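See below for the structure under consideration.
We count ligands from 1, going down the list as the structure has it; atoms in each ligand are counted the same way. This is a predicted model, so every value here is computed, not measured.
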Amino acid sequence: MASYDCSKCPGYCCSYPVIPITKRDVQRLADHFGLGFAKARKKFTVKDDEDDYVLRRKADEHFGKVCRFFDTDKRRCGVYEARPSTCRQYPAASRCGYYDFLKFERELQEDNEMVATTDNR
Ligand code: SF4
Ligand code: SF4
């Protein structure tokens, strides 16, 4: 059973600087938004030295930058049904390191709302 609760987390995993996705993921996003592959690729991804499709980012008050699909008001994925495979699999374990970190900091500060930040920018 999972020992983390994404509904209580501000979305650390979506602030990761490089989130590579697959061609199939781009196509799924394209279908979801009714776009062609090329347009979706340009709109949603950037290319870096190692990966052809990396999720674009946008500004975020807590993390500096976050995935362009992140809903910064609700603090959760804004494209959940069409999210890429990497996002579906994460954290691929019963624990989430980010959540453990958050829980630890919130207990330490006795503040269940605080958003502990990392240098993950
Ligand atoms: S960092 Fe962990 S707990 Fe937070 S949203 Fe991502 S998977 Fe969920
Ligand atoms: S697609 Fe959704 S789950 Fe994946 S990084 Fe972006 S906001 Fe997070």
Lys8 atom NZ, over 12 foreign heavy atoms within 6.0 Å: no
Minimum heavy-atom distance Lys58-Cys67, with the two atoms named: CE-O, 3.7 Å
Parallel, tilted or perpendicular, as decided by the 30° and 60° cut-offs, for the rings of Tyr98 and Tyr12: parallel
Contacting atoms of ligand 1, where contact means under 4.0 angstrom from a heavy atom of Tyr99: 3 (S)
Atoms in ligand 1 flagged as close to Tyr98, the criterion being non-hydrogen separation under 4.0 Å: 1 (S)
Atom 8 (Fe) of ligand 1: nearest protein contact (heavy atom, Å): Cys6 SG, 2.3 Å
Distance filter under 4.0 Å to Tyr12 heavy atoms, resulting ligand 1 atoms: 1 (S)
Enumerated ligand 2 atoms positioned under 4.0 Å from heavy atoms of Cys87: 1 (S), 3 (S), 4 (Fe), 5 (S)
For atom 6 (Fe) of ligand 1, the protein heavy atom that lies nearest, with its residue and separation: Cys13 SG, 2.3 Å
Under 4.0 Å to a heavy atom of Ile19 - the qualifying atoms of ligand 2, by number: 5 (S)
Contacting atoms of ligand 1, where contact means under 4.0 angstrom from a heavy atom of Tyr90: 7 (S)
Pair Phe33 + Phe44: ring centers closer than 6.0 Å: yes
Nearest-0.5 Å distance, CD1 of residue Ile21 to CG of residue Leu55: 4.5 Å
Verdict with reasoning, His62 to Arg75, per side-chain contact (heavy atoms from CB on, under 4.5 Å): CA-CA 10 Å; His62 295 299; Arg75 305 302 308 177; 3.7 Å; yes
Ligand-residue contact atoms, ligand 2 with Pro84, heavy atoms, under 4.0 Å: 1 (S)
Identity and separation of the nearest protein heavy atom to atom 2 (Fe) of ligand 1: Cys96 SG, 2.4 Å
Stepwise side chain to side chain donor-acceptor pair (under 3.5 Å) test for Ser85 and Asp25: CA-CA 7 Å; Ser85 43; Asp25 292 326; 2.9 Å; yes
Phe70: numbered ligand 2 atoms lying under 4.0 Å from its heavy atoms: 7 (S)
Presence of N, O or S from Cys9 under 2.8 Å of atom 4 (Fe) of ligand 1: yes
More than 12 heavy atoms of other groups within 6.0 Å of Phe37 CZ: yes
